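In what follows, a single structure is set out as structure tokens and then discussed.
The figures here come from the full heavy-atom set of this structure, side chains too, leaving out hydrogens, waters and symmetry mates. We count ligands from 1, going down the list as the structure has it; atoms in each ligand are counted the same way. Small disclaimer: the values here were computed from a predicted structure and weren't measured.
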Amino acid sequence: MADTEVILDTAAKDLADRIRSRRARVGVVGLGYVGLPLAVEMAKAGFHVTGIDVSEAKTERVNAGDSYVGDISSKTLAPLVESGKLRATTDFAAVRELDTINICVPTPLRKTKDPDMSFIVSACEEIAKNIHSGMLVILESTTYPGTTDEVVLPTLTHNGLEVGRDFFLCFSPERVDPGNPKFQTANIPKVVGGCTPACTELGRLFYSQALETVVPVSSTRVAEMVKLLENTFRMINIGLANEIALMCDRIHINVWEVIDAAATKPFGFMPFYPGPGLGGHCIPIDPFYLSWKTKQAGIEARFIELAGYINGQMPHFVVDKVRDALNDASKPVRGSRIQIFGVAYKRDIDDVRESPALDVMLLLKRMGATVTYSDPHVPVLHLDGVNLVAEPQEAVQTADCAVIITDHASFDYPALLQRACLIVDTRNALKRFQSDKIVRL
Ligand SMILES: NC(=O)c1ccc[n+]([C@@H]2O[C@H](COP(=O)([O-])OP(=O)(O)OC[C@H]3O[C@@H](n4cnc5c(N)ncnc54)[C@H](O)[C@@H]3O)[C@@H](O)[C@H]2O)c1
């Protein structure tokens, strides 16, 4: 965005003063993986923060200083709650007392792969009942370009408030990477784009109180598209890595060795790795927000569809590997006990949303296998109407096959190699080991 000075009028100036002096009352709607870390960061920066969530269980835990988000320890949360800097409520009447609101509610896809805007709409309707002049509202939920202008803005302006003059509205994509020890809310650069230059300026000012780097862009649509580009880039490159893995498998080449060697090129190459399929709340879902939107404009998102197809094949490929490995050991899948290592969608986290482990487990179960799992981060797993309880890692001793789906750092890989009779490794977690027991992706 051009580096021009934005002239703020009265309401904006007042809000800017409150933000600079940390007197602004900050609100965060949706206290999940994204909202709670943001609320904590703002409270650490000296603001009084109110979290609003529809889940009473979550607000009670926040108010007890008891964190349920992996990246936030209760040790960090509790003192903020005790000092009165952070509190949580289910009551949207709290909005009346707030100066800023960040909306961090879920944006899933419907079964038809259409965006489900219902959480954003319902949060905005509640905010609209209590909105007042001089507020800054920032949508952070990942969504299709146009959502802030077309869905949020009309909901908030129904009572005659004018955006850019009476209240201020921005979109700022959330880039949090749960479980990443190096990059967390405070040091991940934050992109923000507002409905007007005054909105963008207030958004920039707000984040810069607590976050190291803020990147203003010219509009909400640009900010919305930034997030979709980032996640589409990742999804398509993983799709390419998966397709290369399928090719390498067919012509008997170790794909992991190929990628590691290619990654020694100091320019023009960035390694992506194959795996059992995409997981999580973002990478498998967000690109379909873009394809849904562009379809309306008459453009097919062909890369997205193709990568979605290839990535969707990976759980089947893993199951084929397991079946072939068992067959080579003269054991049919039906009746075998197969122990899955790692059901979270990525290493060292507890989130199982969209995890490919669930697909692999269901496919194996339908083929007649008895499927168990070990995951130090997921003590209980709801699968196919049943609650499974995590097995100790040693239970692999009596399994016919182990399948590493998620390479948690805390797995004891040497012990696994010793105890298991057969291991299908979808993450190259056993890279350091050579054994006939190992079947690599
Ligand atoms: N988790 C990630 O790694 C990640 C990363 C980047 C972006 N995002 C995006 O951020 C958004 C939030 O994701 P998340 O992972 O934090 O989700 P989450 O499910 O962990 O948290 C969302 C919270 O919103 C609450 N909620 C739902 N409806 C509400 C309403 N109407 N009013 C108030 N609270 C409500 C839920 O109870 C829940 O606590 C999504 O759009 C997601 O795509 C997530």
Identify the protein heavy atom lying closest to [atom], giving its residue, its atom name and the separation to 0.1 Å.
atom                    : value
atom 24 (O) of ligand 1 : G30 CA, 3.4 Å
atom 11 (C) of ligand 1 : V105 O, 3.4 Å
atom 8 (N) of ligand 1  : V34 CG2, 3.7 Å
atom 34 (N) of ligand 1 : V54 N, 3.5 Å
atom 28 (N) of ligand 1 : F119 CD2, 3.4 Å
atom 23 (C) of ligand 1 : D53 OD2, 3.6 Å
atom 19 (O) of ligand 1 : R353 NH1, 3.4 Å
atom 6 (C) of ligand 1  : E174 O, 3.2 Å

>> Please check whether D286 reaches ligand 1 - meaning an N/O of the residue sits under 3.5 Å from an N/O of the ligand, judged on distance alone.
In response: no
>> If I apply the N/O under 3.5 Å rule, does Y345 come out as touching ligand 1?
In response: no
Would you mind listing which atoms of ligand 1 come within a distance below 4.0 Å of any non-hydrogen atom of [X]?
X    : answer
K58  : 38 (C), 39 (O)
S122 : 31 (N)
P178 : 3 (O)
C282 : 4 (C), 5 (C), 6 (C), 7 (C), 8 (N), 44 (C)
F92  : 32 (N), 33 (C)
V29  : 32 (N), 33 (C)
K227 : 6 (C), 7 (C)

> Taking the six-membered ring for Trp, are F341 and F411 parallel (under 30°), tilted (30 to 60°) or perpendicular (over 60°)?
Replying inline: perpendicular
> F272 vs F233 aromatic rings, parallel, tilted or perpendicular, using cut-offs 30° and 60°?
Replying inline: perpendicular
>> Test your reading of the model: is there a side-chain donor-acceptor pair from S208 to the backbone of R204, 3.5 Å cut-off?
In response: yes
>> Let's go through N130 and F92 carefully: what are the C-alpha distance in whole Å and the side-chain angles of both, what is the deciding distance for side-chain contact (heavy atoms from CB on, under 4.5 Å) to 0.1 Å, and is it a yes or a no?
In response: CA-CA 8 Å; N130 299 289; F92 273 85; 4.1 Å; yes
Could you tell me whether [X] and [Y] make a salt bridge, using a distance below 4.0 angstrom between a side-chain N and a carboxylate O?
X    : Y    : result
E224 : R221 : no
K58  : D53  : no
K295 : D114 : no

>> Rounded to the nearest 0.5 Å, what separates atom OG1 in T157 from atom CD in E162?
In response: 10.0 Å
> Once you round to the nearest 0.5 Å, how far does CD of Q296 lie from OG1 of T294?
Replying inline: 8.5 Å
>> Please evaluate residues D91 and T89 with respect to the criterion side-chain hydrogen bond (donor to acceptor under 3.5 Å, both in side chains), reporting the C-alpha separation (whole Å), side-chain torsions for both, the decisive distance (0.1 Å), and the verdict.
In response: CA-CA 5 Å; D91 186 357; T89 177; 5.3 Å; no
> Counting heavy atoms only, which of A57, P106, S141 is nearest atom 27 (C) of ligand 1?
Replying inline: P106
> What's the shortest heavy-atom distance between S67 and S74, and which atoms?
Replying inline: N-OG, 2.9 Å
